[in-house]
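Every chain is numbered from 1, with letters handed out A, B, ... down the list of sequences.
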Protein chains: 2
Amino acid sequence: MAVNLKQLAELLGLSQTTVSRALNGFPEVNAETRQRVLQAVRETGYRPNRAAQRLATGKAYSIGMVMPIAPGIDSDVHFGEFLAGLAEEAVKHDFHFVLNPSAPEDEEVTFRRLAASGNVDALFLAYMRANDPRIAMLKSLSIPFVVHGRSIGESRDYPFLDIDNTSAFYDATRLLIQLGHQRIALINGPEYLAFSIRRKKGMLRALAEHGLSLDEALVQHSLMTDEHGYRSMQPFLQHANPPTAVLCSSTVLALGAVRAINQAGLKIGDDISLIAHDDVLPMLKPENFSVPLTTTRSSLRAAGARIATRLIGGILKRGDYPEQELWRAELIVRASTGPAPQK
Amino acid sequence: MAVNLKQLAELLGLSQTTVSRALNGFPEVNAETRQRVLQAVRETGYRPNRAAQRLATGKAYSIGMVMPIAPGIDSDVHFGEFLAGLAEEAVKHDFHFVLNPSAPEDEEVTFRRLAASGNVDALFLAYMRANDPRIAMLKSLSIPFVVHGRSIGESRDYPFLDIDNTSAFYDATRLLIQLGHQRIALINGPEYLAFSIRRKKGMLRALAEHGLSLDEALVQHSLMTDEHGYRSMQPFLQHANPPTAVLCSSTVLALGAVRAINQAGLKIGDDISLIAHDDVLPMLKPENFSVPLTTTRSSLRAAGARIATRLIGGILKRGDYPEQELWRAELIVRASTGPAPQK
DNA sequence: ACGGATATCCAAAGCGCTTTGGGAGGAATC
DNA sequence: GATTCCTCCCAAAGCGCTTTGGATATCCGT
């Protein structure tokens with residue numbers, strides 16, 4: 001059924017060498033010949049045998065990923081979404097994933113083993129922290145890698161894809177300020193993660209520019225579950241001087257926050273404004289909230305796919321991808337934001 | 001650095017054939033010789049090249065998995081945990097995973113493509129429903145597979161690993177009845193999933209045996225998030241004739257249920273008893289609840305690992321695993337169950 | 001018209017493993 | 001003592017691809 005190189009070459013009256021070269025984009029093959037080859041590939045449905053390629057090239061055609069299994073990271077709703085993007089893209093190119101579950105304390109060993117195993121051509125890194133030691137480690141491993149997110153305080157000389165968290169929350173905060181809000185609360189992700197730090201920074205910057213400051217009593221850091229959103233919001237509402245607006249680092253957090261707000265009998269977009277970061281989780285669309293949510297939006301799945309593309313492109317030496325990408329999140333205004341209530 | 005078969009054979013003064021046979025457990029090799037080979041492997045750290053093995057044997061050494069990306073299934077907290085078990089075990093044997101994200105409507109195509117690609121030696125199936133059509137399909141694909149869970153209404157002639165959901169909830173219900181409870185509520189997983197159906201069945205059976213019945217007003221089916229646990233519990237509590245006990249299909253659901261109960265000012269284990277099914281999620285231990293939870297316990301991660309073991313064993317034709325396994329969940333009594341309150 | 005580029009193509013040698021098809025030597029059989 | 005049968009081992013042929021090291025033919029300027 002399935003043809004191989006040899007048969008394809010025979011069929012074309014060419015040598016395996018030439019066919020191989022034609023397929024792999026070598027220059028020393030006639031343009032017309034290449035077209036013939038490509039045509040034959042289409043007709044026969046020829047697909048190179050990956051095992052043979054691996055053996056001949058020494059490439060693994062797979063990318064390694066250390067799957068964090070620490071409490072509160074694994075099983076994270078966002079993880080699955082990102083993974084889906086990554087996997088979807090990888091599968092298109094017939095690349096495999098090597099998932100290595102690992103507790104944080106074993107991560108270094110796991111990375112080293114993975115890099116040394118020859119089973120992966122590249123590694124991928126996520127859940128960046130400030131001054132993340134894993135970057136230096138990966139650099140020393142002499143294996144290509146791409147980071148999702150970026151560290152803080154490290155030199156920037158490593159490949160990453162991140163969204164501009166600072167700007168996202170800066171923009172969101174500025175909008176709230178323009179609407180007259182002065183007391184704004186923040187329900188953020190885990191304190192040690194870089195994106196949380198940046199989002200807070202963006203918020204602080206916008207506040208500072210308008211002579212406002214952030215009341216630390218109105219800041220909560222936690223895992224990104226709706227439960228935590230709820231628990232974080234409640235004390236804010238009971239505060240002697242409650243906020244008139246709140247920023248959430250995820251629509252999942254917002255889910256809980258909204259519940260707490262409803263329960264307090266307040267009206268969203270009216271009594272209190274809310275902006276959440278939207279990772280575009282298919283199960284949780286901000287427009288489907290009882291009051292549609294104003295969000296800063298950036299697709300997590302798209303990020304996964306893009307990282308896969310870059311990793312694969314790097315391995316195959318195809319295309320030329322920027323080493324560093326910073327995606328801008330879109331600020332999308334819906335009904336959950338409104339002018340600050342008059343006292 | 002890394003030795004290969006040839007070098008290893010030379011070192012031992014044997015042929016590649018013999019060394020290969022010794023390693024792969026062929027009978028026609030002297031026991032003593034085999035020991036020498038094994039010893040040499042230990043000393044040199046020899047690891048066979050997977051690409052070469054793949055090429056020579058035609059085996060892929062990887063197992064395929066269609067990752068459901070439907071709303072409410074993907075990103076499920078439980079999915080990551082199961083995946084971790086699967087991956088952990090696979091990595092030990094140097095097996096890869098091929099994750100294929102797919103929407104339910106594309107699943108069949110995805111399975112077929114995967115099976116035909118030659119990239120996987122076996123498939124794995126989860127989230128079983130009643131009369132699940134995927135089983136017949138997989139059987140027709142002539143590729144080994146193992147099912148996590150089991151269907152209902154199908155003949156049982158396929159390999160699966162499941163927990164005895166019926167017994168688990170039967171046992172739990174019986175305990176509650178013995179404690180004097182008569183009105184018991186159920187917060188279950190999605191209605192179409194086989195495990196939900198079986199758990200309800202187990203509950204019904206125990207009730208029936210004691211001349212009790214289930215009030216459908218006290219049954220909720222939903223995604224297994226704490227949010228849904230909360231939302232499901234609330235109406236129960238507001239019922240004219242509220243339950244004195246409740247069964248939850250997951251500790252995640254219990255999280256929300258507990259919150260609703262607390263909020264209603266009731267005391268768990270006293271005013272109302274609660275038993276939850278515990279998948280042994282590392283982030284959510286039943287003993288850490290404010291009132292430690294009585295649970296039916298069965299580790300999801302262990303199930304993942306076991307399935308990987310069986311799949312890999314089957315591919316390598318090593319070991320002899322039962323085709324069908326039904327794990328019994330343990331009923332562990334903690335403080336959330338107590339005698340029914342006297343009226 | 002001729003040496004030297006230049007453009008195209010090919011034969012063959014691996015990559016590291018498994019597996020086929022023996023072969024040597026000693027034990028068992030008749 | 002000749003034949004058969006095990007036991008244990010080996011040489012060599014792939015698996016399907018990439019890549020090295022030429023070949024051959026065409027084309028150029030002089």
State which of [options] makes the closest approach to the side chain of [X].
X	options	value
B/Ala56	D/dG16, C/dC9, C/dT18	C/dT18
A/Pro48	D/dC17, C/dG16, D/dC8	D/dC17
B/Ser20	D/dC9, C/dC9, C/dT18	C/dT18
B/Thr17	C/dC10, D/dC17, C/dT19	C/dT19

Would you indicate, yes or no, if [N] has its OP1 or OP2 atom less than 4.0 angstrom from a side-chain nitrogen or oxygen of [X]?
X	N	value
B/Gln53	C/dT18	yes
B/Ser15	D/dA11	no
A/Asn24	D/dT18	yes
B/Tyr46	C/dC17	yes

Which residue, B/Gln16 or A/Asn4, contacts DNA chain D at a nucleotide closer to its 5' end, judged by nearest heavy atom?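 Its nearest nucleotide lies further toward 5', so the answer is B/Gln16.
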
Would you kindly give the [atom1]-to-[atom2] distance between [X] and [N], to the nearest whole Å?
X	N	atom1	atom2	value
B/Leu12	D/dC9	CG	C1'	13 Å
B/Leu55	C/dT19	CG	C1'	13 Å
B/Gln7	C/dC15	CD	P	10 Å
B/Phe26	D/dT7	CZ	C1'	16 Å
A/Asn49	D/dG16	CG	C1'	6 Å
B/Leu5	C/dC17	CG	P	5 Å
B/Tyr61	C/dG16	OH	C1'	12 Å

Between A/Asn4 and A/Gln7 (side chain of the first, backbone of the second, donor and acceptor by atom type, cut-off under 3.5 Å), is there such a pair?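 Judged by distance alone, yes, a pair lies under 3.5 Å.
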
So, the side chain of A/Thr110 versus the backbone of A/Asn100: is there a donor-acceptor pair under 3.5 Å, distance only?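 A pair under 3.5 Å: no.
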
Mind running salt bridge (Lys or Arg N to Asp or Glu O under 4.0 Å) on A/Glu89 and A/Arg306 for me, showing each step along the way? CA-CA 8 Å; A/Glu89 189 62 25; A/Arg306 175 65 182 176; over 6 Å; no

Test side-chain hydrogen bond (donor to acceptor under 3.5 Å, both in side chains) on A/Thr17 and A/Ser20 and set out the steps. CA-CA 5 Å; A/Thr17 309; A/Ser20 173; over 6 Å; no

Candidates B/Phe160, B/Phe82, B/Trp327, B/Tyr158 - the one meeting ring pair (Phe, Tyr, Trp, His ring centres under 6.0 Å) with B/His148: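 Single ring pair (Phe, Tyr, Trp, His ring centres under 6.0 Å) partner of B/His148 among B/Phe160, B/Phe82, B/Trp327, B/Tyr158: B/Phe82.
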
For a quick check of understanding: with a heavy-atom distance under 4.0 Å over all strands, which category does A/Gly13 fall into, base, sugar-phosphate or nothing?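 If one applies the 4.0 Å heavy-atom cut-off, A/Gly13 turns out to touch the sugar-phosphate alone, with no base involved.
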
With sugar-phosphate meaning primed atoms plus P, OP1 and OP2, does A/Arg21 contact a base, only sugar-phosphate, or nothing at under 4.0 Å between heavy atoms?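 The answer is base, as A/Arg21 lies within the cut-off (heavy atoms under 4.0 Å) of a base atom.
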
Can you tell me which residue among B/Thr33, B/Leu12, B/Asn24, B/Val29 is in a side chain to side chain contact (heavy atoms under 4.5 Å, CB included) with B/Val19?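 So, applying the side chain to side chain contact (heavy atoms under 4.5 Å, CB included) to B/Val19 and each of B/Thr33, B/Leu12, B/Asn24, B/Val29, only B/Leu12 qualifies.
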
Could you tell me whether the side chains of A/Gln39 and A/Gln35 share a donor-acceptor contact shorter than 3.5 Å?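 There is no such pair (donor and acceptor under 3.5 Å, judged by atom type) between the side chains of A/Gln39 and A/Gln35.
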
Taking NZ in A/Lys6 as the centre, count heavy atoms belonging to other residues, nucleotides or ligands within less than 6.0 Å. Is the count above 12?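 Open.
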
When you measure only distances, ignoring hydrogens and angles, does the side chain of A/Thr57 come within 3.5 Å of the base of D/dT19 through a donor and an acceptor?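 Per atom types, no contact qualifies.
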
Is there a donor on the side chain of A/Thr18 or the base of C/dT8 sitting less than 3.5 Å from an acceptor on the other?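 It does not, because no donor-acceptor pair links the side chain of A/Thr18 to the base of C/dT8 below 3.5 Å.
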
With axes from five pairs an end, tell me the bend angle of the helix from C/dA1-D/dT30 to C/dC30-D/dG1, nearest 10°.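 That helix has its two terminal axes inclined by roughly 40°.
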
